[in-house]
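Because the structure is a prediction, the values reported are computed rather than measured.
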Amino acid sequence: MERHPASASSKQELGRLLEAVLTSRGQANAVFDILAVLQSEEPEEIEEGVRTCSRLFGTLLEREELFVGSLPSEDTALAGSQGATYKYKVWMRHRYHSCCNRLEELLAHPTFQVKELALKTLMKFVQLEGAKPLEKPQWESHYLFPHTLFRAVIGGLLTPEDEHSLLISQFCEYLEYDDIRYHTMQVATSIMARATSQQPEVSLTLWNNAFTLLSAVNLPLQECELTNFYVKHAQTSDKWKVVHLKEHKKAFQEMWLGFLKHKLPLSLYKKVLVAMHDSILPHLAQPTLMIDFLTSACDVGGAISLLALNGLFILIHKHNLEYPDFYQKLYGLLDPSIFHVKYRARFFHLADLFLSSSHLPAYLVAAFAKRLARLALTAPPEALLMVLPLICNLLRRHPACRVMVHRPQGPELEADPYDPMEKDPARSHALESCLWELQTLQQHYHPEVSRAASVINQVLSVPEVSIAPLLELTAYEIFEQDLKKKMPESVPLEFIPAKGLLGRQDDLCTQFFCLS
């Protein structure tokens, strides 16, 4: 939509009204004309009105010309016997509330510039109201923060009707401040709890807005002084919860646990699990509380189970969680589709990580090696160039499994004892089998695959082969590599050269076809 700048006359008029209100209390009624501009249908006029309100009420807050304390109704204050100054401050604070209410409505305006300006103005009021509180402290060194106004700001971002990802990204600049981050976590937890209790089904828009905001909250990893406050205080107190990282972690934990206890849309499940291991678990006060969410995600299947295993592995490895079915779940994810899913690279990176311990039993590693080898028979070349080195790495880490490629004085096998249908790797009989699949792949049509499968013909080298560069390999990249290879000048195509158009005289083709 084409935007036209606000006319010079309207700017001048608003400037004149602003000057009148600030210089003379007798001209206070001019504030109604300023607030009326916020109701305009023209975005440019609204923006100019917001800027004027920002200067007006910003100045009044700094001058402390708004009523402080529990606000009486307008009619009660004006009818009472208090002085003119008291009545003016009460009346003007009601006008300030009207302005804030309209700014909250403008957070849903169709024009982004209006929304952004409304957000910045509200956050300016949060800062000024925090510095010059509109409530009286209950005791000395009492921590005051404009909770009501700030809750309205977060409520405007977490709406079920409008998608606010871009506006939330603008709000993220305020999350660098320790006090804003702490109160955002508390308010977001409260708003989502109320929204889910009042509505049987929460809209996808609200879930997405909530996840966008929650995922933008990052805590310091190490204990440090939290004194980077947006709302400035003359002095801080050690009694304030907002200055302790431990309290921030508690609020962070409550926020995520409150969000994840609900049945999330499938798309959000994946986003949460992708961020779980590095953006959520390290900041929780008690990471083990995530066990229920991660185990239920493991039971969903597919990509969600794959992504949930990473979080579970961290709980097992770093927090001594007992989860005996972990490797059985991982084993169950190995099927032909794993080579074609979006998270293939991530899965094999994690599988390599999960199987890196030298303390794993030989039967378990053998089951994974055998399952991967069996799946490799039908895998595309780009996947084979990654899977074959992974299988060889497993044999390098676990010498007890090398009997699968070289079993001196072993019995002749009439059939493969491995049971590919068995879900439990301990009962698959993989260690009694052999990796004949790798010998079969030595006849693969692609020379790089054949070369990778032939590694088992020699003694395996001690250093492992890193599969990291191969995780993102695509068919297009393989094709490009083949095109860039320099071929020898003469390449033998047939042992016996053909004679004539249809081949040799005794060839099958000449027996049934002739040229006429």
Side-chain angles (χ1 to χ4, degrees), residues 306 327 330-358 360 362-407 413 416 418 420 425 428-482 484-485:
L306 182 160
Y327 284 98
L330 179 63
Y331 185 74
L333 291 174
L334 291 172
D335 60 40
S337 67
I338 203 65
F339 296 117
H340 308 282
V341 295
K342 179 181 177 182
Y343 298 102
R344 185 190 75 185
R346 187 183 183 91
F347 174 79
F348 282 102
H349 166 72
L350 294 176
D352 188 35
L353 176 66
F354 301 155
L355 296 169
S356 60
S357 173
S358 58
L360 295 175
Y363 74 83
L364 182 66
V365 178
F368 277 94
K370 182 64 177 179
R371 173 66 72 92
L372 288 170
R374 183 62 62 88
L375 294 175
L377 293 174
T378 56
E382 63 271 18
L384 288 172
L385 292 177
M386 168 194 53
V387 169
L388 293 175
L390 176 58
I391 295 173
C392 293
N393 283 346
L394 293 178
L395 299 180
R396 289 185 178 99
R397 294 169 194 165
H398 303 272
C401 294
R402 294 182 187 178
V403 293
M404 301 178 74
V405 293
H406 179 62
R407 195 189 302 264
L413 298 176
D416 193 341
Y418 173 69
S428 64
H429 304 290
L431 202 56
E432 302 166 20
S433 179
C434 63
L435 295 178
W436 58 264
E437 296 89 350
L438 299 190
Q439 193 166 15
T440 302
L441 288 170
Q442 292 174 14
Q443 311 302 320
H444 196 275
Y445 70 86
H446 197 284
E448 293 296 328
V449 174
S450 176
R451 191 177 297 114
S454 299
V455 170
I456 62 165
N457 294 341
Q458 293 87 32
V459 177
L460 291 172
S461 59
V462 176
E464 293 186 10
V465 176
S466 174
I467 66 168
L470 305 171
L471 291 173
E472 303 283 354
L473 193 64
T474 63
Y476 175 78
E477 290 173 339
I478 294 178
F479 189 74
E480 287 295 307
Q481 290 172 7
D482 288 343
K484 292 176 182 177
K485 286 181 181 177

Here the gap from Leu306 atom CG to Leu350 atom CG, rounded to the nearest 0.5 Å, amounts to 6.5 Å
Do Pro380 and His340 have side chains that get closer than 4.5 Å, going by heavy atoms? yes
Greater than 12 external heavy atoms within 6.0 Å of Lys485's NZ: yes
Separation of Leu460 CG from His406 NE2 (nearest 0.5 Å): 12.0 Å
Counting N and O atoms only, with roles assigned by atom type, does the side chain of Arg407 sit under 3.5 Å from a partner on the main chain of Ser433, one being a donor and the other an acceptor? yes
Whether Glu382 side chain and Leu473 backbone form a donor-acceptor pair below 3.5 Å: no
Check the orientation of Phe368 and Tyr327. Use parallel for under 30°, tilted for 30 to 60°, and perpendicular for over 60°. perpendicular
Inter-residue atom distance Glu448.CD - His446.NE2, 0.5 Å rounding: 6.0 Å
How far apart are the closest heavy atoms of Pro420 and Arg371, and which atoms are they? O-NH2, 3.4 Å
Ignoring hydrogens, what is the shortest heavy-atom contact between Arg396 and Pro463? Give both atom names and the distance. NE-O, 3.5 Å
Is it the case that over 12 heavy atoms from other parts of the model lie below 6.0 angstrom from the CD atom of Glu472? no
State, yes or no, whether a side-chain contact exists between Arg374 and Trp436 at a heavy-atom distance under 4.5 Å. yes
More than 12 heavy atoms of other residues, nucleotides or ligands under 6.0 Å from CD of Glu464: is that the case? yes
Side-chain contact, heavy-atom cut-off 4.5 Å: Leu360 with Arg397? no
Heavy-atom closest contact (Ile391 atom, Ala369 atom, distance): CD1-O, 4.1 Å
Within a 6.0 Å radius of atom NE2 on His349, are there more than 12 heavy atoms belonging to other residues, nucleotides or ligands? no
Can you tell me how far CD of Gln442 sits from CG of Leu388, rounded to the nearest 0.5 angstrom? 10.0 Å
Do the side chains of Phe348 and Ile338 get nearer than 4.5 Å, heavy atoms only? yes
Got a second to check how far Leu471's CG is from Arg346's CZ, nearest 0.5 Å? 12.0 Å
Is any side-chain heavy atom of Leu385 less than 4.5 Å from a side-chain heavy atom of Ile478? yes
Mind checking whether Leu394 and Cys401 have side chains closer than 4.5 Å, heavy atoms only? no
Do side-chain atoms of Lys370 reach the backbone of Leu435 as a donor and acceptor pair under 3.5 angstrom? no
Would you name the heavy atoms of Ala453 and Leu438 that are closest together and state the gap between them? CB-O, 3.5 Å
Heavy-atom nearest pair, Asp416 first then Glu437, reads OD2-OE2, 4.3 Å
For Tyr331 and Pro425, which heavy atoms make the closest approach, and how far apart are they? CD2-CD, 4.0 Å
